[in-house]
A.B. asks: 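I am attaching a structure below and will ask some questions about it afterwards.
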2 protein chains.
Amino acid sequence: MYIEKINGPADVKKLTLEELPVLAEEIRQALLVRASKHGGHFGPNFGMVEATIAMHYVFESPKDKIVYDVSHQSYPHKMLTGRKDAYLYEEHYDDVSGYTNPGESEHDFFTVGHTSTSVSLACGLAKGRDLKDEKGNVIAVIGDGSLSGGESLEGLDYAAELGGNLIIVVNDNDMSIAENHGGLYQNLKLLRETDGKADCNLFRAMGLDYIYVNEGNNTAALIEAFQKAKDTDHAVVVHINTLKGKGYAPAEQHKEQWHYNAPFDLKTGMPLYPADGEDYSSVTRDYLLKKMKEDPTVVAITSGTPTVMGFTEDKRKEAGRQFVDVGIAEETAVALASGIAANGGKPVYGVYSSFIQRTFDQISQDLCIDKNPATIVIFAGSVYGMNDVTHLGLQDMPMLGNIPNLVYLAPTTKEEYLAMLDWSVEQTEYPVAIKLPGGAMISDGKEVKKDFRRLDQYEVTRKGSKVAVIGLGTFYGLAGQAADLIGEKTGTVPTVINPYYITGLDEELLKELKKDHDIVVTLEDGILNGGFGEKIARFYGDSDMKVLNYGLKKEFIDRYDVKEILLENHLTAEQIADDVMQVEQKR
Amino acid sequence: MYIEKINGPADVKKLTLEELPVLAEEIRQALLVRASKHGGHFGPNFGMVEATIAMHYVFESPKDKIVYDVSHQSYPHKMLTGRKDAYLYEEHYDDVSGYTNPGESEHDFFTVGHTSTSVSLACGLAKGRDLKDEKGNVIAVIGDGSLSGGESLEGLDYAAELGGNLIIVVNDNDMSIAENHGGLYQNLKLLRETDGKADCNLFRAMGLDYIYVNEGNNTAALIEAFQKAKDTDHAVVVHINTLKGKGYAPAEQHKEQWHYNAPFDLKTGMPLYPADGEDYSSVTRDYLLKKMKEDPTVVAITSGTPTVMGFTEDKRKEAGRQFVDVGIAEETAVALASGIAANGGKPVYGVYSSFIQRTFDQISQDLCIDKNPATIVIFAGSVYGMNDVTHLGLQDMPMLGNIPNLVYLAPTTKEEYLAMLDWSVEQTEYPVAIKLPGGAMISDGKEVKKDFRRLDQYEVTRKGSKVAVIGLGTFYGLAGQAADLIGEKTGTVPTVINPYYITGLDEELLKELKKDHDIVVTLEDGILNGGFGEKIARFYGDSDMKVLNYGLKKEFIDRYDVKEILLENHLTAEQIADDVMQVEQKR
């Protein structure tokens, strides 16, 4: 096999033009086998095999620098830049991350996992090159789905006046994760249909030069286009028309399902470990679909990840105009929700914790100053969420929890969540965010009678003394376990508290605790810095109460083992009980 | 005067087409007199007088809803919607805020002060209308300068598939605050030059319908265009060519200076209270210009506000390619800085505290994961900064201070700032942000020998006992004053500490304090929630140390009086000393 002999881009250049398509098939086969056993991003990589080969054939990486947007399409690049073993041999599958990674290779320039960043980052590399009076090409690769994101459009606009070499490869497979949404996709369609010749051209309107490649999975055509763009002295877009999932029939036919896949059967394409049963996605969808039927002003909003709320294609159809996908455009999703709420609608925006980071200003300025009653549901904001460094769900509490006027809630069970969600959708006073707990969904069947209008009222679920353990969201269960252990060790039953509210203190209750408690323990699922527990520590700062805050250290962690991380951060019942005993003994 | 009889849009409609230009001149005259005495946004309002009259002539506000981007151009709107007195009579000048404000009028729908939000917010209003099956026009007004912002481009893209009535008035005065930057402005120019007829059209490429009005300061032409767009069943752009500052010669000629103005002499246009002397803008500029000459890889970056770093037009020319204005595009500014740093350049991005909020994700993902050594200087992040609710500089510590890998520094003097800046520009290990102190710049002439490489090392500037006062940034001086008072009251000299580092604790020093201190006081210039002091409270949570955190309450405050706010938050030396005495006495 050719691929076995490729140890870097130089080896790609040794092949003849006729051999390159064979290399492409070998890469695809390796990707397919690995994906079936290991899972990962599928469709984007399959569509970009030929373009990646062509880039490494034409350009001189790492002197020429390629920046991949979101990195969903970077596996073939990794295979051609010294990391083929991680795709060819099962025992090496975990040698590489799922994203570009400067720690892995000199051919990677940034750790990228969020969309829409490549053009702006590449502009930076190019500007750095020019300031140093160096030569070389800088190439940004971006998928059509990522184009709708604000940072990408800003980057395209700025690229035109960068004033030096920049090549922007637009990998147009006519899909985002799901179907594309937004007016610019009409223009991409027009460009594809006119072989790039339409006068009305988004990229030219942004001041960029433009080359179109209709056969975006043909190495020869791609090489020709890249050679034409190479060493340009200005910014040029190479718009390539590719097929998402190319080479694997199920992925070509069902592009949305095959954007990312878990391990599957090679012949049938069926998942090896089918997920079933309820989860927070499905209960959100079921609640919303029911609610939509009762109330035409209820509307679900997604920014390009409809299934996070369980809205697969059929469910989106069922919801009709009450389901809005703004495309990858988190900022607009928040502003849209705010506007709908301001005009009497009932919007629910469902989003991953990692991606809500895009919207600090929109939540603050567009939503919270005017207190518009929109609901935001935060998924995977947990140590049990995604464990790639680019997709951590550990910062939503410092981010959202300190914005004035926002009510940020943390349910611990399905029942609490649905009660909060229903309250939030119906109330008209506050912008509300709900942080879903991590780990397996807990359903205890208990009816939730809590009146969420009375903000910041914590609930004592076990009345004790001496030690109080406040368990927020995910870690409410751990609070109970720690309390049990502390009780065993001290002979005194500790108090257990479910705080519900991340954004406010139950000052009355906290004051009350001073009477017969010496230690308050807080547990939260996120980094401690700027989070929930520190506010409790501040509250008790001038008193004799001892406060122990548990949560995660402020750090970027990558592909971590949850158990290890919990242990490192003393997030086990045993460790907490031991720590409490130590403080007790010092008294 | 007609304007005296205008109590709402209905009164505008009573005028004849011939009377409207007279009304325009009256509005302009009132704006001019008010601006000369009161200050405010100038050029944007002067250019939009006729368009505002035409909108209220054609549409039925508030049933038809107009959303102004950034609100710099909303004064004529306020005059026509029941708030004329605040522009006509000096004693009423302060009755209105400088921004649209739902609290003031049913004709305002959002409190808007940041750019690039109007299209997305208007999409929300329109979607709300459609969900309720109501009728009416929704109009987003946006300036050309705001178009480059990510949220605005996202909004334009989404607007095309909103599927209902939406009118986007693009107020094109060919200026941002300074000149425009970005490729899209070439297209706006082409459209102006071709009377809107060019085939390559950014708005059509975004899927939008399009109408061009060359005479954007002609009420009759505008009325015609708005009548054409009225009751459209889809999204249409009305692109109007206006003159920024129209009607006042100095403002027409010097558009950048007259974007916003302080009180001035009506005849000469010269400021009544000329600012002179050094400030943090001028010392930043002087440092950078000198550094640029020594090192061609040093580059200053702005996102549309070049003078925040003191770069007026002449200084921008002097810096040449070492000064980059990305236009209003904060996300791209951060990514660009990261890319430049990754490729060996030395970028310094200067930005207002209020606008850095746009970049949480870019700082986290694009910059800090890879620890690229870019420098960000945060201006006006202080209670002494801008006091409009939309421009508060009180949230940068919770926002930046909890992102892993970022080193966030707080100088207290000019000398400390320049030492930090120089260290940051030259080092290659960390992304660094510097929070400039508020109030008048303090320069004590002291040489700063501190080695900033040794992260998180606080400095004891006055060694005492019992009480330690940690004064961060702006409030370092207040820490000294409070310590003086506490010393007087207790007879024991307190310790005073300059922490320098917002993002990390000097654990060794804090531990050391336990030996001979009972109380630690922290002072910070920003909201307490998620900020600096809470981390100190957490650190001491399990110990006997009492901790008192001072800073601002988490709330949106508007047009506040600094003294009042400081008093409310116990940020005076007397209050702090009294609080400390109370805690002392309880011991």
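Quick note on labels: first sequence line is chain A, next is B, and so on, each numbered from 1. For clarity, every value in this text was computed on a predicted model and none was experimentally measured.
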A.B. asks: Compare every heavy atom of B:Glu154 with every heavy atom of A:Leu153, then report the nearest pair and how far apart it is.
C.D. replies: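 Heavy atoms only, the tightest pair is CD1-N, 4.0 Å.
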A.B. asks: In terms of heavy-atom pairs under 4.5 Å, which option from B:Lys554, B:Glu134, B:Arg358 contacts chain A the most?
C.D. replies: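 Counting heavy-atom pairs under 4.5 Å, the top option is B:Lys554.
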A.B. asks: For the candidates A:Ile363, A:Val520, A:Leu147, A:Val389, which exhibits the highest count of non-hydrogen atom pairs separated by less than 4.5 Å from chain B?
C.D. replies: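 Most heavy-atom pairs under 4.5 Å with chain B: A:Val389.
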A.B. asks: A quick test of your reading: do over 12 heavy atoms of other residues, nucleotides or ligands sit less than 6.0 Å from NZ of B:Lys189?
C.D. replies: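 Check fails, neighbour count at 12 or below.
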A.B. asks: Checking B:Ile527 against chain A: side chain, backbone, both or neither under 4.5 Å from a heavy atom?
C.D. replies: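 When you check distances to chain A, only side chain atoms of B:Ile527 fall under 4.5 Å.
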A.B. asks: Chain A heavy atoms under 4.5 Å from B:Ile301: which part of the residue, side chain, backbone, both or neither?
C.D. replies: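 Neither part, no heavy atoms under 4.5 Å.
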A.B. asks: Look at A:Gly541, A:Gly128, A:Ala160, A:Gly531 and state which one has the largest set of heavy-atom pairs under 4.5 Å with chain B.
C.D. replies: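 Maximum pair count with chain B is reached by A:Gly541.
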A.B. asks: Counting only heavy atoms closer than 4.5 Å, note whether B:Pro296 contacts chain A via side chain, backbone, both or neither.
C.D. replies: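 For B:Pro296, the contact with chain A is made by backbone and side chain together.
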A.B. asks: Who wins among B:Met397, B:Gln395, B:Gln186 for the most heavy-atom pairs under 4.5 Å with chain A?
C.D. replies: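 That would be B:Gln395.
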A.B. asks: Top residue by heavy-atom pair count (under 4.5 Å) with chain A, among B:Ala329, B:Ser338, B:Ala122, B:Ser116?
C.D. replies: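 Maximum pair count with chain A is reached by B:Ala329.
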A.B. asks: Using modelled atom types only, decide if a donor and an acceptor are shared between the side chain of A:Asn529 and the backbone of B:Asn402 within a distance under 3.5 Å.
C.D. replies: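 Pair absent, no side-chain N/O of A:Asn529 close to backbone of B:Asn402.
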A.B. asks: At their closest point, which heavy atom of B:Gly182 faces which heavy atom of A:Glu161, and how far apart are they?
C.D. replies: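 Smallest heavy-atom distance, with atoms named: N-OE1, 2.7 Å.
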A.B. asks: Checking side-chain contact (heavy atoms from CB on, under 4.5 Å) for the pair A:Thr117/B:Gln362: CA distance, chi angles, key distance, verdict?
C.D. replies: CA-CA 8 Å; A:Thr117 70; B:Gln362 286 70 32; 5.7 Å; no
A.B. asks: Does the pair A:Asp361 and B:Phe355 meet the rule for a side-chain contact (heavy atoms from CB on, under 4.5 Å), with working shown?
C.D. replies: CA-CA 8 Å; A:Asp361 196 53; B:Phe355 302 150; over 6 Å; no
A.B. asks: Does any non-hydrogen side-chain atom of A:Lys546 lie less than 4.5 Å from one of B:Asp544?
C.D. replies: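 Yes, side chains in contact.
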A.B. asks: Identify which part of B:Val324 has an atom lying under 4.5 Å from any heavy atom of chain A, answering side chain, backbone, both or neither.
C.D. replies: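 Just its side chain gets close to chain A.
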A.B. asks: Under a 4.5 Å heavy-atom cut-off, does chain A meet the side chain of B:Leu190, its backbone, both or neither?
C.D. replies: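 Neither; nothing under 4.5 Å.
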A.B. asks: Which heavy atom in B:Asn201 sits nearest to a heavy atom in A:Ala205, and how many Å separate them?
C.D. replies: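 Heavy atoms of B:Asn201 and A:Ala205 come nearest at C-CB, 4.2 Å.
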A.B. asks: Quick one: which of A:Ser543, A:Ala333, A:Gly103, A:Gly327 has the most heavy-atom pairs under 4.5 Å with chain B, could you say?
C.D. replies: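 Of the options given, most contacts go to A:Ser543.
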A.B. asks: Please give me the minimum heavy-atom distance between A:Lys535 and B:Gly530, naming the atom from each residue.
C.D. replies: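 Smallest heavy-atom distance, with atoms named: NZ-N, 3.7 Å.
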A.B. asks: Considering only heavy atoms, which portion of B:Gln365 lies under 4.5 Å from any heavy atom of chain A: side chain, backbone, both, or neither?
C.D. replies: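 Both parts, backbone and side chain.
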A.B. asks: Can A:Arg321 and B:Asp133 be counted as an ion pair, charged N to O under 4.0 angstrom?
C.D. replies: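 So A:Arg321 pairs with B:Asp133 through a salt bridge.
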A.B. asks: Where on B:Asp370 is there a heavy atom nearer than 4.5 Å to chain A: the side chain, the backbone, both, or neither?
C.D. replies: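 Contact with chain A: side chain only.
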A.B. asks: Below 4.5 Å from any heavy atom of chain A, which atoms of B:Asp325 appear? Answer side chain, backbone, both or neither.
C.D. replies: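 For B:Asp325, backbone heavy atoms alone lie under 4.5 Å from chain A.
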A.B. asks: Would you indicate whether the side-chain heavy atoms of A:Arg538 and B:Arg538 approach each other to under 4.5 Å?
C.D. replies: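 They are not in contact (no side-chain heavy atoms under 4.5 Å apart), so the answer is no.
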A.B. asks: What closest approach, in Å, do B:Asn343 and A:Lys65 show between heavy atoms, and which atom pair accounts for it?
C.D. replies: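 Shortest heavy-atom contact: OD1-CE, 3.7 Å.
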A.B. asks: Who among A:Asp199, A:Leu208, A:Thr359, A:Val67 has the most heavy-atom pairs with chain B under 4.5 Å?
C.D. replies: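 Result: the option with the highest number of such pairs is A:Asp199.
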A.B. asks: With a 4.5 Å cut-off on heavy-atom pairs, point out which of A:Leu528, A:Asp558, A:Val112, A:Val299 contacts chain B the most.
C.D. replies: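 Of the candidates given, the most pairs with chain B belong to A:Leu528.
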A.B. asks: Identify which of A:Thr297, A:Asp542, A:Asn549, A:Ile356 forms the greatest number of heavy-atom pairs closer than 4.5 Å to chain B.
C.D. replies: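 Winner by heavy-atom pair count: A:Asp542.
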A.B. asks: Looking at B:Val334, B:Leu162, B:Asp130, B:Leu156, which makes the most heavy-atom pairs under 4.5 Å with chain A?
C.D. replies: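 Heavy-atom pair counts peak at B:Asp130.
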A.B. asks: To the nearest 0.5 Å, what is the distance between CD1 (B:Ile340) and CG (A:Leu121)?
C.D. replies: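 Reported value, rounded in 0.5 Å steps: 11.0 Å.
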A.B. asks: For the OG1 atom of A:Thr111 and the NZ atom of B:Lys371, what is their distance to the nearest 0.5 Å?
C.D. replies: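 Atom-to-atom, A:Thr111:OG1 and B:Lys371:NZ are 12.5 Å apart.
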A.B. asks: Would a 4.5 Å heavy-atom cut-off, applied to side chains only, mark B:Met206 and A:Asn187 as touching?
C.D. replies: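 No - every pair of side-chain heavy atoms lies 4.5 Å or more apart.
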A.B. asks: Is there a donor-acceptor pair closer than 3.5 Å between any side-chain N or O of B:Lys127 and the backbone N or O of A:Gly345?
C.D. replies: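 No; zero donor-acceptor contacts below 3.5 Å.
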A.B. asks: Heavy-atom pairs under 4.5 Å with chain A - which of B:Asp366, B:Ile536, B:Leu202, B:Val326 has more of them than the others?
C.D. replies: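 Highest number of heavy-atom pairs under 4.5 Å: B:Asp366.
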A.B. asks: Report the C-alpha separation of A:Ser364 and B:Phe556 in whole Å, then their side-chain angles, then the decisive distance to 0.1 Å, and conclude whether the side-chain contact (heavy atoms from CB on, under 4.5 Å) test is met.
C.D. replies: CA-CA 10 Å; A:Ser364 179; B:Phe556 284 116; 3.7 Å; yes
A.B. asks: Is it the backbone or the side chain of B:Lys553 that comes under 4.5 Å from a heavy atom of chain A, or both, or neither?
C.D. replies: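 No part of it gets close to chain A.
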A.B. asks: Please flag which part of B:Leu548 lies under 4.5 Å from any non-hydrogen atom of chain A: side chain, backbone, both or neither.
C.D. replies: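 Interface part for B:Leu548: side chain.
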A.B. asks: Which pair of non-hydrogen atoms, one from B:Gln357 and one from A:Phe360, has the smallest distance, and what is that distance?
C.D. replies: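 The answer is O-CB, 3.5 Å.
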A.B. asks: Go through B:Gly150, B:Gly207, B:Pro404 and name the one with the most non-hydrogen pairs under 4.5 angstrom from chain A.
C.D. replies: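 Most pairs with chain A among the choices: B:Pro404.
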A.B. asks: Side chain from CB out, backbone as N, CA, C, O: work out which of these in B:Thr503 comes under 4.5 Å of a heavy atom of chain A, or both, or neither.
C.D. replies: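 Both backbone and side chain.
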